[in-house]
Each structure stands twice: as structure tokens, then as C-alpha cells.
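Computation of the quantities below employed the complete heavy-atom set of this structure, encompassing side-chain atoms and omitting hydrogens, waters and symmetry-equivalent molecules. Everything numeric here is computed off the predicted structure, so don't read it as measured data.
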Amino acid sequence: MEVVTCSKTLNQQEGLQRLAHQLQDFLLALPQAIPFQVQCVVKRGHLMVLSQHPPDEKPDLHSVFEALEQAIQVLLPGFAEEIFSPTTNLQNSQGKLYLRALGQKHPYAYHCFKLGTVKRDGTETLFQEPVEETGEEPKQLEKSLDREGKDFDLEQLLVLEPEPEPEEDLLAQAEPALEEEEPEVEETAERSPWLLWVATGVGVSVVSFMAGIVIVSRPCIIGRCEPFQAAEAVSQEANKLIQQAKSEQDLRQAQQKLNEASQILSKIPLWSTRHREAQTLLRHDQLQLSQLDRVLAAERVANEATQKGQMMPKPLVDLQGIQVLWKSAIAQLESIPQGTPLHPFAQQRLATYRDNLSIINQYMATERQAQKKLAAAKSTANVAQARQGVAQSIENWQQVQVTWQVAVNALKQIPNTTTSFTEAQELLGDYGVQLAIARDRATREQRAQKAYQQAINLAQKAEGFQQRNQWTLAVTYWRSALRQIEQVPENTASYDPAQRLVSPYSNALYQAELQLQAAVAQQKLRTDLNLLCSGSPKTCTYFILSNVIRVQFTAGYEKALKQAFAAGQSGQHSILGGAVNHLESLQSALQGICNNAGMPIEVYNSSGTEMVGSFNPN
């Protein structure tokens, strides 16, 4: 066992505790972030580290042991002189790591490595590269634990370690560290001075009592001056209160004590041997009282400012009054000189007061901005009303709409923390109605203009189709143009111009419809004539003139007729009958075409030199 002095033992324990805390922080930085508790012990020159974790956590053994080994390699150079005995041969020292679940008696994992060589002057690197674990048993134990994850008995750990050491020693020394108990030697070291102090104090009290009998009869004349000492003690108490002050109540207690001390000091007579010191202390206390008065005055002003600033929003004039109060409180505190006992308290309060002043300044800036936005919204609304009174075109109404929108947007930007908010909300309702009216009128004007322009465009296209004798399309587009005119709303700028187009567009539609009817009739006429003249051989050809339809038999049809009449003369009456029937059907069809077309029909022979028949309508 190492033999060390009491002082060395205390230093070693403190060093081991600091090393344990740093290792504990190092483990907390691992990805798993498990809250480990770490204790360190030095036994027989070896560093033993016990790491404990909550039972429900399952740390990665390899990562934990690797992290601990690396951390020890880095941290231990700064602790070597403190935790190891000067006679320890650190070249043979080992680091022994144990892992245990909280609430369990025995560790369940173990790892060992060489610490390396130490150069105690700190000029060289403390450690060599890590070496393999000592002995094969720890390796096998670690592998088996990683594989099976089972607890093992304490005695098994002791058998497997290269240098058997009772684990109870480690735990016995580690547990007090967890409970934060002080070593007995430290407790003893504190007890003796305390007893000595008590004894000394009793002696002083007896002497003071005896001396007081004399001083009471002739105070502050012979030797001691109990009033001065009492005042000095009260002043010290006041200074302590000031230095530790957290509230206004603490300062008032200090003020009371300083007043008490000042009253005592002022009564020490001129002939007293402590009069000069009493006057010096009195001036010091009065200076303290003066500074306390300024700080307490600042507190009173700050309380008033706080009270007045509770209910928001407030008018700008009220905010300005609160701003003055905060500035006054700040000025009082800024007058407290640096280096005086009250300066820390004043600085602490100054930070709060300046923050509150900043808040009030922000309220004032917001209030001013809100007033500006309210005034701008009202002015913009006046412009919108003026423009609305003379608006006619779509451009005019669009401009009115935009103007009302600007006014509404300005009102919406006024926050509810300002006094202008209520009025802004009232105006917002009125302006919103006007904006809706302007938007609706602008939309109607836009729709009217669009329909009017569309009607003109459709009429232009209808005229183009008429020029190309495309009467079906012409009729379609004239009708569409008239429908667009019907879409132009009343009370719009485009309504009257659109109504002036109704009559010419209607006449154009009527003429186009007549032309379409004629075109349809002529198309039917051609269809009927084509059907009439078809056949084998082809019966006829035709020409449609302006006032008559000319039909001309083909040479092949005339030849067939001649052959049929010749056959009839030779006694083939059926052939002749067929030819006669066809002629009668042809005659009837021509009369029907004539009636439908309303035009006369003239029928000519194949050479066109002789008219063989004619038909008139009805």
C-alpha cells in the first residue's frame, strides 16, 4: 500500500474527483448521451475507474471503454502529480475500467490497458500508444460479456484480474464519492480550529464584559469607545446589506442601519479619542445615505412608471410622461459612482430600467406611426371620394378602386396596441364598403368594355365571311356580335356606344340570312339536278343562269331513246314502255325542281340547237 500524508490524501481525493467529473462529461458527449456517474480510485499504483449508468440504458461497451481510454490518455497528464505517489512507477501502471448498472452490486464489464510512462516535469508527452490488455483473461471476459450480456460474480472478476484486488475496496471508496461525504480526516481537521475559536470567543466575551463596567461610567474617554464600535458594526452590517441587496426592501434595511449608525456617531463627544474616526465614518455613512436616497428615489420613480405603464394602449402624451419617469430613474442610478457598494445594484437596476425605457420608446414610436397612418388613410379616402364623384371610364373607376385600397391597407397596418386602433377599425368598415362599390363598378366597366370590343371584333369577322360568300359563318358571327352587345350592362361607359350598333348589326344579319337561304336553295337545286342527270348513260347536263335553268340532253341519252322507239316499232313494246316511263319521270322531276327553285327550266337536245320542252314554277 502507498503511504501518504493527510494533506496528500486530501489533494489526491480532490484530483480524483475532478478527473471523474471530466470523464463523466466526456461520456455524456457520446452519441448515446447516457448519464453516467464516474468514480476514480488509485490502488497499488493503478487507476481504477467505475462508471455507472441507469438500469434501463444499454451502452455500447466498446464505445464506452474506447472513449474512457482515450479520455484518460488525454486528461491524466494534468492529474499525475496530484493523484499518484512520487514513488509510483507509472511505467507499470494500468488503467482498469469497470461498468456497472445503478442498483446492482457487481460490475458487468471490465477493460484494462497500460497507462504508459510519465515525465513528471511536464515537458514530454505523458503517454505512449495504447497497448493490449494485460493477460488473456480480461479479453475473454470482455468478449463473453459483449456476446452474452450477463452479470458476473465479484469473485470471478477478482480471479480473472492479473493482479487480484478486492472490488469491495473500489466500491467502498467510490460510494462515499457518490454520497458526497467528506473524509473523516477533513472533518477532524475542521473540528479543532472550531473548538479553539469557541474557547477564544468565550475569553474575549469575559474580558469585554469586565471592561464594559469601566467604560459605562466614562464612555469613549479611556481606551475603548463602545458607541464607536457599535456604530462601526452597524455600518458594516449596512454595507453588507448593500453589497448583497436584491430588492428595495434590502436597501431600506441598509438605510435604517446607516441612520442608526449616524445617530450613534453624532453623539460621540469632541474630547473622545475616537472622535476623528467617528467623524470619518459618519461622513462615509452620510455619503452612503445620499447614494441610497438617490437609488431609492429611482426605485420610487420606477414603481410609478411601472404603475402608469400597466394598462396599454395609452395616448402619446401619457407615454411621454412615462418616458420622463424612466429617464429620471435612470439618471438617478447613473449618478452612483463606480467602485461604491451601491454600484452593482444600480447597474443591475439600470439594465432593467433601460429595457423598460426602450419598450416605452417603442410604444411611442408605434403610436406616432399609427397616428401618421390614420391621418394618411383619411387623406387618401378624401381623394378616393373626389375621384369617385367624377369617374366615368373604366380607367377612372380602376383608379378609384386603387385609391380606396390604399386607404384600407393603411388602416389595416395600425396595430391594436395603439389608441388609433379603435378609430381605424370604425373607418375600416366604411372604407371597406366604398372599396367594394368601386371594385364592383370597375369590374362592371371592365366587363362592359370587353363585351363591346368583342362585338366589334365579331362584326369585322362577319363582314369578312360575307365578302367570301361564306354565309353560314357570316350569319353565325353577326348573331354572336349582337349577343355581346346584350352583355354590356346599363349605367356603364360602353352601354350607349354598344346600343348604337344594334340596328346596323341586325340589318347585316338579316341580309346575311337571306343570302344564306339563297345559297342553301341553290345548293339543293344543284343536288337535285345532279341526281336527275345521273344514270347510265348520263341523262343530261345543266346550267343555272340568273333567270333560267337550262337542261341539255346528252347524246348518249338521245341515242338510247331512239333505239327504244325503234324497238317499239319492231314490236318490242316493253323497251318502248320503259323509255316512255323514264321520260315521264324526268318530266315530273323537272317540274318539281322548277317549283322548288322558283325558276323556269328549259330543256334542249344534245346539240343545244332545239328546245324540246320548258317548265314554269307552279
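Residues Tyr108 and His53 bring their aromatic ring centres within 6.0 Å.
A donor-acceptor contact shorter than 3.5 Å is absent between the side chain of Ser328 and the backbone of Val324. Checked by atom type and distance alone, the side chain of Arg550 pairs as donor or acceptor with a backbone atom of Gly608 at under 3.5 Å. Side-chain atoms of Gln466 never come within 3.5 Å of backbone atoms of Ala474 as a donor-acceptor pair (strictly under, hydrogens ignored). Between the side chain of Ser606 and the backbone N or O of Phe553 there is no donor-acceptor pair closer than 3.5 Å. Remark: the backbone N or O of Ala375 is not paired with any side-chain donor or acceptor of Ser379 at under 3.5 angstrom. Put simply, the side chain of Thr366 gets close to the backbone of Gln362: a donor and an acceptor are under 3.5 Å apart. Side chain of Asp318 to main chain of Lys314: no donor-acceptor pair is present (N/O by atom type, distance under 3.5 Å, no hydrogens or angles). When atom types are taken as modelled, the side chain of Gln323 and the backbone of Leu357 share no donor-acceptor pair closer than 3.5 angstrom. At distances below 3.5 Å, not a single donor-acceptor pair connects side-chain atoms of Asp430 with backbone N or O atoms of Leu427. Between the side chain of Arg349 and the main chain of Pro344, no donor-acceptor pair closer than 3.5 Å is present.
Side-chain atoms of Ser51 and Arg100 include no donor-acceptor pair closer than 3.5 Å. Glu395 and Ser393 form a side-chain donor-acceptor contact under 3.5 Å, judged by distance and modelled atom types alone. Donor-acceptor pairing under 3.5 Å is lacking for the side chains of Tyr452 and Gln454. Between the side chains of Glu558 and Asn605, no donor-acceptor pair of N or O atoms lies under 3.5 Å.
Interatomic distance, Leu482 CG to Leu509 CG, rounded to the nearest 0.5 Å: 6.0 Å. Taking CD1 from Ile359 and CZ from Arg354, the interatomic distance works out to 14.5 Å, rounded to the nearest 0.5 Å. One finds the CG atom of Leu516 at 11.5 Å from the CD atom of Gln523 (value rounded to the nearest 0.5 Å). Annotation: the span from Lys378 atom NZ to Lys373 atom NZ amounts to 15.5 Å, rounded to 0.5 Å. Considering CD1 of Ile360 and OH of Tyr363, their distance stands at 7.5 Å, rounded to 0.5 Å. Atom CZ in Phe36 sits 12.0 Å away from atom CG in Leu23 (nearest 0.5 Å).
Using a 4.5 Å heavy-atom cutoff, the side chains of Leu99 and Phe65 are in contact. Annotation: side chain of Tyr98 is not in contact with side chain of Val49 (no heavy-atom distance under 4.5 Å). Counting only heavy atoms from C-beta outward, the side chains of Val548 and Phe543 never approach each other to under 4.5 Å. Residues Tyr557 and Leu586 meet the side-chain proximity criterion, which asks for heavy atoms closer than 4.5 Å. Contact check for Lys308 versus Leu325: side-chain heavy atoms found under the 4.5 Å cut-off. Between Gln388 and Gln385, the closest side-chain pair of non-hydrogen atoms is not below 4.5 Å. At a threshold of 4.5 Å between non-hydrogen side-chain atoms, the residues Pro600 and Asn616 count as touching. Using a 4.5 Å heavy-atom threshold, the side chains of Val64 and Leu68 count as touching.
The minimum heavy-atom distance between Arg441 and Thr492, with the atom names listed, is NH2-CA, 4.4 Å. Across all non-hydrogen atoms, the minimal contact from Leu102 to Gln52 is CD2-CB, 3.7 Å. Among all heavy-atom pairs drawn from Leu411 and Ala377, the shortest one is CD2-CB, 3.5 Å. Of all heavy-atom pairs spanning Val488 and Ala498, the tightest one is CG2-CB, 3.9 Å. Gln499 and Ile485 get closest at one heavy-atom pair: NE2-CG2, 4.3 Å. Pairing each heavy atom of Ala302 with each of Trp326, the nearest pair is CB-CZ3, 3.5 Å.
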Practice item. Kindly indicate, with the supporting measurements, whether the criterion side-chain contact (heavy atoms from CB on, under 4.5 Å) is fulfilled by Gln587 and Leu583. Key: CA-CA 6 Å; Gln587 183 179 7; Leu583 282 173; over 6 Å; no
Point to revise | CA sep, side-chain torsions, deciding dist, call: Glu423, Leu374, side-chain contact (heavy atoms from CB on, under 4.5 Å) | key: CA-CA 8 Å; Glu423 185 179 359; Leu374 182 62; 3.4 Å; yes
Exercise for review: Could you please spell out the steps behind the side-chain contact (heavy atoms from CB on, under 4.5 Å) verdict for Gln552 and Tyr542?
Suggested key: CA-CA 6 Å; Gln552 186 173 333; Tyr542 63 89; over 6 Å; no
Exercise for review: Tell me, with the steps shown, if Trp471 and Phe465 meet ring pair (Phe, Tyr, Trp, His ring centres under 6.0 Å).
Suggested key: CA-CA 7 Å; Trp471 298 107; Phe465 290 128; over 10 Å; no
Practice item. Check step by step if side-chain contact (heavy atoms from CB on, under 4.5 Å) holds for Ile593 and Leu532. Key: CA-CA 10 Å; Ile593 292 173; Leu532 177 70; 4.1 Å; yes
Practice item. May I have the step-by-step check of side-chain hydrogen bond (donor to acceptor under 3.5 Å, both in side chains) for Asn595 and Gln591, ending in yes or no? Key: CA-CA 6 Å; Asn595 293 337; Gln591 183 64 54; 3.1 Å; yes
Exercise for review: Apply the test salt bridge (Lys or Arg N to Asp or Glu O under 4.0 Å) to residues Lys327 and Glu334: give CA-CA distance (whole Å), side-chain angles for both, the deciding distance (0.1 Å), then the verdict.
Suggested key: CA-CA 10 Å; Lys327 287 183 176 181; Glu334 287 177 339; over 6 Å; no
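Of the candidates Arg368, Glu367, Gln371, Glu367 is the only one forming a side-chain contact (heavy atoms from CB on, under 4.5 Å) with Thr418. Considering Gln413, Lys412, Gln405 in turn, Gln405 is the only one that fulfils the side-chain hydrogen bond (donor to acceptor under 3.5 Å, both in side chains) rule with Asn409.
Salt bridge Asp528/Lys524: present, at least one basic N to carboxylate O contact under 4.0 Å.
Within a 6.0 Å radius of OH in Tyr505, other residues, nucleotides and ligands contribute more than 12 heavy atoms.
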